[in-house]
Participant: 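For reference, the structure I am asking about is given below.
These numbers come from the heavy atoms of this one structure, side chains and all, not from hydrogens, waters or symmetry mates.
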Amino acid sequence: MVNTITTTEATKMIIEHGDKFFTVTFTKKNGEERVLNGRRGVVKHTNGVGMKYIPSDYDLLTVYDVQAEGYRMISCNTISALRINGEDYVVQGS
């Protein structure tokens with residue numbers, strides 16, 4: 001069974017999930033759909049300086065992409081699907 005949630009609920013679930021793995025489908029800035037397997041809370045490959053902006057001010061989440069082995073930004077407003085804790089969710093609107 002697939003559950004339906006809002007983009008706000010999806011974002012909250014990702015944040016509360018901590019450093020555990022999840023899969024998210026979202027639309028990139030260039031319009032391309034992307035599936036990302038990742039997790040939050042990774043500090044590997046950081047230089048300690050930090051970012052020059054606050055991602056949440058732009059509705060972005062910083063996630064470590066385990067396949068690309070690098071950090072990526074997820075646009076919270078464009079999340080269309082989420083697999084977390086073994087459950088599949090379809091994401092619609094806010």
Side-chain angles (χ1 to χ4, degrees):
M1 181 176 160
V2 179
N3 302 309
T4 303
I5 58 175
T6 65
T7 55
T8 305
E9 291 171 321
T11 303
K12 184 177 177 185
M13 288 173 73
I14 292 170
I15 292 169
E16 291 176 351
H17 196 57
D19 63 353
K20 297 177 186 150
F21 291 96
F22 61 90
T23 302
V24 63
T25 304
F26 64 100
T27 305
K28 294 177 15 177
K29 193 174 186 178
N30 66 4
E32 181 181 329
E33 187 172 84
R34 174 147 167 37
V35 177
L36 183 141
N37 295 313
R39 57 186 263 202
R40 292 181 38 86
V42 177
V43 294
K44 185 177 181 181
H45 305 298
T46 58
N47 59 12
V49 175
M51 291 188 244
K52 297 183 183 197
Y53 65 97
I54 301 170
S56 60
D57 288 350
Y58 301 95
D59 291 324
L60 299 173
L61 280 177
T62 306
V63 175
Y64 186 78
D65 184 340
V66 294
Q67 292 171 325
E69 296 182 356
Y71 294 93
R72 302 293 182 264
M73 293 289 180
I74 295 175
S75 174
C76 300
N77 297 328
T78 64
I79 297 174
S80 58
L82 177 65
R83 180 173 178 80
I84 197 165
N85 289 331
E87 300 265 338
D88 290 319
Y89 298 92
V90 173
V91 183
Q92 298 177 341
S94 54

Participant: Is there a path of hydrophobic side-chain contacts, each under 4.5 Å between heavy atoms of I/L/V/M/F/W/Y residues, joining F22 to I15?
Facilitator: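 Yes; tracing contacts between hydrophobic side chains, which count when under 4.5 Å, links both residues.
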Participant: Check whether the side chains of T23 and N37 place a donor and an acceptor atom closer than 3.5 Å, and report yes or no.
Facilitator: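 N37 and T23 do have a side-chain donor-acceptor pair below 3.5 Å.
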Participant: Do Y71 and I14 land in one hydrophobic cluster if side-chain heavy atoms of ILVMFWY residues count as linked below 4.5 Å?
Facilitator: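 In one cluster with Y71: I14, no.
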Participant: Same cluster for I84 and V24 if Ile/Leu/Val/Met/Phe/Trp/Tyr side chains link at under 4.5 Å?
Facilitator: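 Yes, same cluster.
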Participant: Looking at D65 and R34, is any side-chain nitrogen of the basic one under 4.0 Å from a carboxylate oxygen of the acidic one?
Facilitator: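 Salt bridge: yes.
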Participant: To the nearest 0.5 Å, what is the distance between CZ on R40 and OH on Y64?
Facilitator: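 Answer for the CZ-OH pair, R40 versus Y64, is 15.0 Å.
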Participant: Side chains of D88 and N3: does their closest heavy-atom pair fall under 4.5 Å?
Facilitator: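 The answer is no, as the side chains (C-beta and beyond) never meet within the 4.5 Å cut-off.
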Participant: Could you state the interatomic distance from CD1 (I79) to OG1 (T7), rounded to the nearest 0.5 Å?
Facilitator: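 The distance works out to 7.0 Å.
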Participant: The criterion is side-chain contact (heavy atoms from CB on, under 4.5 Å); which residues satisfy it with A81, sequence neighbours excluded?
Facilitator: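 Residues passing side-chain contact (heavy atoms from CB on, under 4.5 Å) with A81: T25.
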Participant: State plainly whether one hydrophobic cluster holds both F21 and L36, where clusters connect Ile, Leu, Val, Met, Phe, Trp and Tyr through side-chain heavy atoms under 4.5 angstrom apart.
Facilitator: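 Each belongs to a different hydrophobic cluster.
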Participant: Got a donor-acceptor contact below 3.5 angstrom from the N30 side chain to the E32 backbone?
Facilitator: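 Judged by distance alone, yes, a pair lies under 3.5 Å.
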Participant: Nearest 0.5 Å please: distance from the CZ atom of F26 over to the CG atom of L61.
Facilitator: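 Here the rounded value is 10.0 Å.
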Participant: Could you measure the distance from the CD atom of E16 to the CD atom of E9? Nearest 0.5 Å is fine.
Facilitator: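 E16 CD to E9 CD: 11.0 Å, rounded to 0.5 Å.
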Participant: To the nearest 0.5 Å, what is the distance between CG (L82) and NE2 (H17)?
Facilitator: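 So the CG of L82 and the NE2 of H17 are separated by 8.5 Å.
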Participant: If Ile, Leu, Val, Met, Phe, Trp and Tyr residues are connected whenever their side-chain heavy atoms lie under 4.5 Å apart, and connections chain through other members, are L60 and M13 in the same group?
Facilitator: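 No, L60 and M13 fall in different hydrophobic clusters.
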Participant: Quick one: pull up OG in S80 and CD in E33 and give me the separation to the nearest 0.5 Å.
Facilitator: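 So the OG of S80 and the CD of E33 are separated by 4.5 Å.
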Participant: Would you mind listing every salt bridge (charged side-chain N to carboxylate O under 4.0 Å, His left out) that reaches into residues 71-82, with sequence neighbours excluded?
Facilitator: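 Residue pairs passing salt bridge (charged side-chain N to carboxylate O under 4.0 Å, His left out), neighbours aside: none found.
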